[in-house]
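Only one structure is covered here, and it is reproduced in the block below.
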Amino acid sequence: FDSFITHRNRKFDMEKAKRLGIDAYNAEQAEKANILEVLLSNYNDGRKKTLFCVAVNLLELQELQEVLREIENRPDIKMLTLKEKSAFVAGLLQDTASNRGIDLKLHKKKR
């Protein structure tokens with residue numbers, strides 16, 4: 001079961017760190033953390049923290065960067081309410097994940 005962050009990629013992440021080298025892997029993780037900060041600071045309506053955290057954890061850096069470009073290229077993004085921005089960004093992340101067959105839900109322990 002997952003805690004706040006999913007554990008689905010643990011083995012893949014270990015192999016990736018070995019393949020890229022620790023410094024390159026850590027740099028990628030730092031960039032993903034920066035993206036998460038942007039998402040949480042600008043597009044979290046108070047109900048998307050888990051979704052954003054899981055998306056940043058499971059999606060590739062290039063996919064997250066593309067989502068940010070799509071957000072920036074939306075001409076009316078500044079005119080939207082926070083709730084509308086949040087829904088738009090959540091939809092982009094869900095669509096990106098869906099295209100790769102990824103579920104952005106945490107697997108919680110049943111009570």
Side-chain angles (χ1 to χ4, degrees):
F1 301 101
D2 295 326
S3 58
F4 187 68
I5 297 295
T6 182
H7 298 287
R8 284 176 264 176
N9 277 0
R10 265 192 297 196
K11 185 176 179 184
F12 174 77
D13 286 341
M14 299 283 265
E15 291 167 355
K16 187 175 189 178
K18 189 183 275 188
R19 186 178 71 250
L20 294 177
I22 293 297
D23 291 338
Y25 178 79
N26 285 340
E28 184 176 294
Q29 294 305 303
E31 179 62 25
K32 287 176 97 174
N34 290 335
I35 290 171
L36 178 60
E37 179 60 33
V38 168
L39 295 173
L40 291 173
S41 298
N42 300 305
Y43 306 106
N44 182 21
D45 65 357
R47 302 188 55 83
K48 300 290 188 293
K49 185 175 182 178
T50 299
L51 174 72
F52 292 167
C53 288
V54 173
V56 168
N57 184 264
L58 293 178
L59 296 175
E60 293 294 326
L61 177 59
Q62 296 79 10
E63 294 167 320
L64 295 167
Q65 291 168 333
E66 178 59 31
V67 166
L68 287 183
R69 280 191 291 277
E70 286 186 54
I71 295 166
E72 292 167 2
N73 289 333
R74 181 168 174 162
D76 67 338
I77 194 74
K78 291 182 181 181
M79 304 302 286
L80 299 176
T81 66
L82 181 57
K83 189 171 184 176
E84 291 168 331
K85 288 179 192 177
S86 182
F88 174 68
V89 173
L92 289 176
L93 292 168
Q94 292 281 13
D95 290 346
T96 300
S98 179
N99 289 340
R100 289 207 28 232
I102 295 173
D103 179 18
L104 294 182
K105 293 192 190 293
L106 290 177
H107 297 113
K108 296 187 178 185
K109 188 174 182 178
K110 295 180 182 177
R111 295 177 183 208

Legend entry - SB check Arg69 Glu66 (cutoff 4.0 Å): yes
Legend entry - Within-4.5 Å side-chain heavy-atom neighbours: Leu39 and Val89: yes
Legend entry - Heavy-atom side-chain proximity of Lys105 to Val54 below 4.5 angstrom: no
Legend entry - Glu31 side chain to Glu28 backbone, donor-acceptor under 3.5 Å: no
Legend entry - Passing candidate, salt bridge (Lys or Arg N to Asp or Glu O under 4.0 Å) with Asp45, options Lys48, Lys49, Arg47: Lys48
Inset, instruction - Measure the spacing between OG of Ser86 and CG of Leu51 and express it to the nearest 0.5 Å. - result: 8.0 Å
Inset, instruction - Please report the shortest heavy-atom distance between Leu59 and Ala97, naming the atom on each side. - result: CD2-CA, 3.9 Å
Inset, instruction - Answer with yes or no whether the hydrophobic clustering places Leu92 together with Leu40; edges join I, L, V, M, F, W, Y residues whose side-chain heavy atoms lie under 4.5 Å apart. - result: yes
Inset, instruction - Examine Leu82 and Leu36 and state if one hydrophobic cluster contains both, with Ile, Leu, Val, Met, Phe, Trp and Tyr joined whenever side-chain heavy atoms are less than 4.5 Å apart. - result: no
Legend entry - Contact check, side chains of Arg100 and Glu63, non-hydrogen atoms, under 4.5 Å: yes
Legend entry - Basic-acidic side-chain contact under 4.0 Å: Glu37, Lys32: no
Inset, instruction - Indicate the atoms forming the closest heavy-atom contact of Gln65 with Ile35, along with that distance. - result: CG-CD1, 4.1 Å
Legend entry - Ion pair Arg74/Asp76, N-O distance below 4.0 Å: yes
Legend entry - Minimal non-hydrogen separation, Leu64 against Ala55, with atom names: CD2-O, 4.1 Å
Inset, instruction - Check whether Val38 and Val67 end up in the same hydrophobic cluster, where Ile, Leu, Val, Met, Phe, Trp and Tyr are linked by side-chain heavy atoms less than 4.5 Å apart. - result: yes
Legend entry - Close side-chain approach of Tyr43 and Phe52, heavy atoms under 4.5 Å: yes
Inset, instruction - Heavy atoms only: give me the nearest Ile77-Lys85 pair and the separation to one decimal. - result: O-CE, 3.1 Å
Legend entry - Connected via hydrophobic side-chain network under 4.5 Å: Tyr25 and Leu61: no
